[in-house]
**Q** 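Please see the structure below; I have some questions.
Given the structure is predicted, the values throughout are model-derived calculations rather than measurements. In what follows, chains carry the letters A, B, and so on, assigned in the order in which the sequence lines appear, proteins first and then strands, with residues in each chain numbered from 1.
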Amino acid sequence: MSEDQLTPRSENFSDWYNELVLKAELADYSPVRGCMVVRPYGWTLWENIQQALDRRFKDTGHVNAAFPLFIPMSFLEKEKEHVAGFAPELAVVTHGGGEKLEEPLVVRPTSETVIGYMYSKWIKSWRDLPVLINQWGNVVRWELRTKLFLRTAEFYWQEGHTAHATEQEAREETLRMLGVYADFAINEAAIPVVQGIKSETEKFAGAVMSTTIEAMMGDTKALQSGTSHYLGQNFAKAFDIQYVDQNNTQQFCHTTSWGLSTRMIGAIIMTHGDDKGLILPPRLAPIQVVIVPIYKNADEKSVVMAVTDRVFQELKTAGIRLKVDDREEVTPGFKYNDWEMRGVPLRMEIGPKDVEKNSVALARRDRPGKEGKTFVSQEKLAATVAEMLTTIQAALLERATAFRDANIHTPKDYEDLKQIVQNGWAFSYWCESKACEAKVKEDTKASTRCIPLAGQPEQAGNCIVCGAPAKRKVYFAKSY
RNA sequence: CGGGGUGUAGCGCAGCUGGCUAGCGCGCUUGCUUUGGGAGCAAGAGGCCGUCGGUUCGAAUCCGUCCACCCCGACCA
């Protein structure tokens, strides 16, 4: 139970987040440093995320498979940048069955290498392409500084790995899947995201191009919420993924990879949550509606529960995920606070007065207090509830979008940029040099988040840092 | 991995410069009364004082070690 007050979000965002994850029973710390235990409520949320994504993957022609957790150390070493990027955070297995292994096994930090190895066996002809495979699983990266959901040593995700005949096809796939992530984030998680390209310094180790969906959290920091990479022929050459084309010549494939992790849960928490706790988007919420029956005595209880049971069945049949909180040991007031903390989008109260008037009370989580409470008829209740859930979903997206837009600014000059990134995102021209990027980072701790695909100006301008000619604008922001 | 902080009941804390049987609030258990915004009363249960070692007649308290977590840096989905 969570009787204690949550640290207000405005007072200390980090404490608020940590307390909320624990109190809402999304996750808990594990006995192993840096790892997390995802509790049933958090895992159900993840399952809903998985379903929404998996549906989209299937719709775009992908199939699921499973590749091993262990990867021979030598595989990682085959792609130079890849191993350089991941070496510091590898977990390595040196013993098995009481014997020292001939070759150490890496616990996968990502699966490009094993999958590349398999692809080289499976792909022979242009007729075998494209290969469009996704895997749901867990990976391990030995992180030094961890935070539940946002960065843990082990995390759960999906990784898509595709192989194509041409660069164009692979680049299209990269952007297609970025679009899938953006569609998911916006329409399921109600998180407005910017689609864009990562800078050279920020891109994935071994990629030719990395793309990202960037989201703004409630403290204005940016969170990379999903990534999609065009890997060029880097992994194809390292693992000899070749096919014979129509002209009977050997060609290297062009590959992509794309991933979205349990970090998305952190994004949902930090985008929508408020001082009272979590606010879950109805489309992903494990419990969309909680019914709190109210009664004073056995007589009232029997009539109230009769209506409650009938309403429960009706909504359940309509496909709404709901729960009746019939706990006897806590008062209705306690339940209100408890479910608000857990982020259930809609609360229904059914009491003696409602039984009398053939009504129920509905309270919207996104609008606390009296403002969000209405009394509706029990007639056509499933339709009323479904409509209200849709309204809440839209309201969350609208609010998050307004917040984000209000905190993105175009700096007049470099001094202005330094101010802006203290509490928001700066959108400005950048010459795309590592030096300017590094200078911003050193001066402000803000990094380039992405060069957005949409919304680029027609005309060229001047780099906000050095004044050199610049073709494109970039977002600078502090990030998680 | 560097700098700072914290670790005493499930949770939040007190226990001061070394001393008695280690306390308080919340939660938990049982009973009765309650129930439309975090209920009340009564009686209970619950503690290797993070770990290992040292100083001491005596350590939750002093010293050291390690571990975990939090904050700030360097590194990252």
**Q** Tell me every residue that passes salt bridge (charged side-chain N to carboxylate O under 4.0 Å, His left out) with A/Lys418, counting only those two or more places apart in sequence or in another chain.
**A**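 Salt bridge (charged side-chain N to carboxylate O under 4.0 Å, His left out) list for A/Lys418, sorted by chain: A/Glu415.
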
**Q** With a 4.0 Å cut-off on N to O distance, would you call A/Glu214 and A/Lys198 a salt bridge?
**A**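 Salt bridge between A/Glu214 and A/Lys198, a charged N being under 4.0 Å from a carboxylate O: yes.
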
**Q** Out of the candidates A/Gln224, A/Arg449, A/Lys221, only one should pair with A/Ser479 under the side chain to side chain donor-acceptor pair (under 3.5 Å) rule; please name it.
**A**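 Considering A/Gln224, A/Arg449, A/Lys221, a side chain to side chain donor-acceptor pair (under 3.5 Å) with A/Ser479 is found only for A/Arg449.
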
**Q** Grab the CE-P distance between A/Met305 and B/U35 for me, whole Å please.
**A**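 After rounding, the gap between these two atoms is 18 Å.
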
**Q** How does RNA chain B read in dot-bracket, base by base from 5' to 3', with Watson-Crick or G-U pairs under 3.5 Å and | used when the partner is on another strand?
**A** (((((((..((((.........)))).((((((.....)))))).....(.(((.......))).))))))))....

**Q** Would you jot down, in residue-number order, the residues of residues 170-186 of chain A having a non-hydrogen atom under 4.0 Å from RNA chain B?
**A**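 The stretch gives none, as no residue of it lies under 4.0 Å from the strand.
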
**Q** Does atom CZ of A/Arg33 have more than 12 heavy-atom neighbours from other groups under 6.0 Å away?
**A**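 Counting other residues, nucleotides and ligands, CZ of A/Arg33 stays at 12 neighbours or fewer.
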
**Q** Distance check, P atoms only: B/C63 and B/U6, in whole angstrom units.
**A**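 13 Å, rounded to whole Å.
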
**Q** Once you round it to whole Å, what is the distance between C1' of B/G37 and CG of A/Asp325?
**A**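 Spelled out: CG on A/Asp325 to C1' on B/G37 is 14 Å.
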
**Q** Should the pair A/Arg347-A/Glu349 be classified as a salt bridge under the 4.0 Å nitrogen-to-oxygen rule?
**A**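 Looking at A/Glu349 together with A/Arg347, the answer is yes, because their closest N to O distance falls below 4.0 Å.
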
**Q** Say you pick atom P in B/G4 and the same atom in B/C66; how far apart are they, in whole Å?
**A**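 Going atom to atom, P in each nucleotide, I get 14 Å.
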
**Q** Measure CG/A/Asn297 against P/B/G36 and give the value in whole Å, please.
**A**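 A/Asn297 atom CG is separated from B/G36 atom P by 13 Å.
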
**Q** Looking at A/Phe57, I'd like to know if its CZ atom is crowded, meaning that more than 12 non-hydrogen atoms belonging to other residues, nucleotides or ligands lie closer than 6.0 Å.
**A**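 More than 12 within 6.0 Å, yes.
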
**Q** In whole Å, what separates the C1' atom of B/C24 from that of B/G15?
**A**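 To the nearest whole Å, 10 Å.
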
**Q** Which whole-number value in Å describes the distance from A/Lys276 NZ to B/G38 P?
**A**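 To the nearest whole Å, that distance equals 11 Å.
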
**Q** Roughly, in whole Å, what's the span from CD in A/Glu349 to P in B/G36?
**A**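 After rounding, the gap between these two atoms is 10 Å.
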
**Q** Quote, to the nearest angstrom, the P distance that separates B/G27 from B/U65.
**A**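 Here B/G27 and B/U65 have their P atoms 41 Å from each other.
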
**Q** Quick one, give me the B/S/- string for nucleotides 70-77 of chain B, reading 5' to 3', where B means a protein heavy atom under 4.0 Å from the base and S means that only happens at the primed atoms, P, OP1 or OP2.
**A** SSBBB-BB

**Q** Does the cation-pi check pass for A/Arg141 over A/Trp157, that is, NZ or CZ under 6.0 Å from the six-membered ring centre and within 45° of its axis?
**A**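 The answer is yes, since A/Arg141 meets both limits relative to A/Trp157.
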
**Q** If we ignore angles and hydrogens, is there a donor and acceptor under 3.5 Å between the side chains of A/His161 and A/Tyr119?
**A**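 A/Tyr119 and A/His161 do not have a side-chain donor-acceptor pair below 3.5 Å.
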
**Q** Can you check the distance between B/C49 and B/A39, where both ends of the measurement are the C1' atom (answer in whole Å)?
**A**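 That atom pair is separated by 34 Å.
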
**Q** NZ of A/Lys296 versus C1' of B/U35: gap in Å, rounded?
**A**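 For the pair A/Lys296 NZ and B/U35 C1', the rounded distance is 7 Å.
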
**Q** Once hydrogens and angles are ignored, does a donor-acceptor distance under 3.5 Å link the base of B/G37 to the side chain of A/Glu340?
**A**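 Side chain to base: pair found, below 3.5 Å.
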
**Q** Within a 6.0 Å radius of atom CD on A/Glu47, are there more than 12 heavy atoms belonging to other residues, nucleotides or ligands?
**A**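 Yes - once you tally the heavy atoms of other residues, nucleotides and ligands closer than 6.0 Å, there are more than 12.
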
**Q** Provide the distance between the two C1' atoms, one in B/C69 and one in B/G12, to the nearest whole Å.
**A**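 After rounding to an integer number of Å, I get 16 Å for this pair.
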
**Q** Please evaluate the base of B/G36 for a donor-acceptor partner in the side chain of A/Asp354 within a cut-off of under 3.5 Å?
**A**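 Yes, the side chain and the base share a sub-3.5 Å donor-acceptor pair.
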
**Q** Which is true for A/Gly351 with a 4.0 Å heavy-atom rule: it touches a base, it touches only sugar-phosphate, or it touches nothing?
**A**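 Touches a base.
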
**Q** CH2 of A/Trp43: more than 12 outside heavy atoms within 6.0 angstrom?
**A**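 Correct, the count exceeds 12.
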
**Q** Between B/C32 and B/A68, how many Å separate the two C1' atoms, rounded to a whole number?
**A**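 Here B/C32 and B/A68 have their C1' atoms 44 Å from each other.
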
**Q** Before accepting this row, confirm whether a basic side-chain N of the pair A/Asp338/A/Lys23 lies closer than 4.0 Å to the acidic partner's carboxylate O.
**A**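 No, this pair does not count.
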
**Q** Roughly how far, to the nearest 0.5 Å, is CG of A/Leu20 from CZ of A/Arg342?
**A**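 CG of A/Leu20 is found 10.5 Å from CZ of A/Arg342.
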
**Q** If you measure from the C1' atom in B/A60 to the same atom in B/G23, how many Å do you get, rounded?
**A**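 Nearest-Å result for B/A60 against B/G23 at atom C1': 12 Å.
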
**Q** Name the one of A/Glu173, A/Gln158, A/Arg56 that satisfies side chain to side chain donor-acceptor pair (under 3.5 Å) with A/His62?
**A**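 For A/His62, the side chain to side chain donor-acceptor pair (under 3.5 Å) check succeeds only for A/Glu173.
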
**Q** For the pair made of CG in A/Leu22 and P in B/C11, what is the distance, rounded to whole Å?
**A**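 After rounding, the gap between these two atoms is 10 Å.
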
**Q** Assign A/Gly266 to base, sugar-phosphate, or nothing according to its heavy-atom contacts below 4.0 angstrom with the strands shown.
**A**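 A/Gly266: no heavy atom of the nucleic acid under 4.0 Å.
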
**Q** In whole Å, I'd like the distance from the CD atom of A/Glu328 to the P atom of B/G31.
**A**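 Distance, rounded to whole Å: 13 Å.
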
**Q** Walk along nucleotides 39-49 of chain B from 5' to 3' and tag each nucleotide B, S or - by protein heavy-atom contact under 4.0 Å, base first, then sugar-phosphate.
**A** B----------

**Q** So, using salt bridge (charged side-chain N to carboxylate O under 4.0 Å, His left out) as the criterion, who are the partners of A/Lys478 when residues are at least two apart?
**A**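 In terms of salt bridge (charged side-chain N to carboxylate O under 4.0 Å, His left out), with neighbours along the sequence ignored, A/Lys478 is linked to no residue.
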
**Q** For the residue pair A/Phe204 and A/His229, categorise the inter-ring angle as parallel (less than 30°), tilted (30 to 60°) or perpendicular (more than 60°).
**A**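 The arrangement is parallel - the two ring planes meet at less than 30°.
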
